[in-house]
Amino acid sequence: MKKLYAVVIFFVFAIIGTAVWYSPLCAIGSPTEYKLNAPVGRVDGVCYSADNNYRVDFDGEEKELYAALTKINASEVKRVDLDDGLVLVYAYSPRVTADVHFTAEGKRYNVMAASSSGRVSIGAPVLQGCY
């Protein structure tokens, strides 16, 4: 009977661990769900659907943007610097279960991040809304 309890407990922790691992935006803030470039609600808990768009916003500069990408195991695939000071980063994270998109150069990404005027926004799979 003890072995059965141990197996059940192991599976419960494995399921919870998997949910946390594949919901990395929760590690950097409280995600908001977006549809058609508009926020539709906050995400409660650590699980969210892989087929929607999510975004986390927080105060910071480029340094904090890259620290957050590192925290979710995202690797930069493309960076765009605009004249108005906006930094836009396309990245890929194996932890993000969102749809994969491709840059014009054919590199895959499932995370977009932007930094401008002391604010950082990170979205998966794409960054929706104003940033």
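Computed from a prediction, not measured in an experiment: that's the story for all the values here.
- Ser93 and Asn73 are not linked by any side-chain donor-acceptor pair at a separation below 3.5 angstrom, with hydrogens and angles left out of the test.
- Taken to the nearest 0.5 Å, the CD atom of Glu105 stands 4.0 Å off from the NZ atom of Lys78.
- Remark: Asp81 CG to Ser115 OG distance equals 10.0 Å, nearest 0.5 Å.
- Counting heavy atoms from C-beta outward, Pro31 and Arg55 have side chains that stay 4.5 Å or more apart.
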TODO: Go through the steps for Arg119 and Glu64 under the test salt bridge (Lys or Arg N to Asp or Glu O under 4.0 Å), then give the verdict.
DONE: CA-CA 9 Å; Arg119 291 291 294 164; Glu64 288 78 17; over 6 Å; no

TODO: Using the side chain to side chain contact (heavy atoms under 4.5 Å, CB included) rule, take Asp59 and Val120 through it: C-alpha gap first, then chi angles, then the decisive distance, then the call.
DONE: CA-CA 6 Å; Asp59 292 330; Val120 174; over 6 Å; no

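- Side-chain contact annotation: Tyr66 with Glu76, donor-acceptor N/O pair under 3.5 Å present.
- When all heavy atoms are compared, the tightest approach of Thr32 to Pro39 is CG2-CB, 3.8 Å.
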- [ ] Decide side chain to side chain contact (heavy atoms under 4.5 Å, CB included) for Tyr90 and Val111; before the verdict, give the C-alpha distance in whole Å, the side-chain angles of both, and the deciding distance to 0.1 Å.
- [x] CA-CA 6 Å; Tyr90 297 81; Val111 176; over 6 Å; no

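- Between atom CG of residue Leu65 and atom CD1 of residue Ile122 there is a gap of 5.0 Å, rounded to the nearest 0.5 Å.
- Within a 6.0 Å sphere centred on CG of Leu36, heavy atoms belonging to other residues, nucleotides or ligands number 12 at most.
- For Arg108 and Tyr92, the positive end sits near the middle of the six-membered ring, less than 6.0 Å away and at most 45° from its axis.
- Note that OG of Ser116 is 8.5 Å distant from CD of Glu61, once rounded to the nearest 0.5 Å.
- Under a hydrophobic clustering in which Ile, Leu, Val, Met, Phe, Trp and Tyr are joined whenever their side-chain heavy atoms come within less than 4.5 Å, directly or via other members, Tyr34 and Tyr54 fall into different clusters.
- The shortest heavy-atom contact between Phe58 and Ala68 is CZ-CB, 3.8 Å.
- Counting only heavy atoms from C-beta outward, the side chains of Asp99 and Asn110 never approach each other to under 4.5 Å.
- Leu86 and Val77 fall within the same hydrophobic cluster, where Ile, Leu, Val, Met, Phe, Trp and Tyr residues are linked whenever their side-chain heavy atoms come under 4.5 Å apart, directly or through other members.
- Remark: the backbone N or O of Gln128 is not paired with any side-chain donor or acceptor of Asn37 at under 3.5 angstrom.
- One distance of note links OH of Tyr109 with CZ of Phe102; it measures 10.0 Å at 0.5 Å rounding.
- In this structure, Asn53 and Val126 have side chains that are in contact, with non-hydrogen atoms separated by less than 4.5 Å.
- Of all heavy-atom pairs spanning Leu88 and Met112, the tightest one is CD1-CE, 3.9 Å.
- To the nearest 0.5 Å, atoms CD1 (Ile28) and CG (Asp57) are separated by 10.0 Å.
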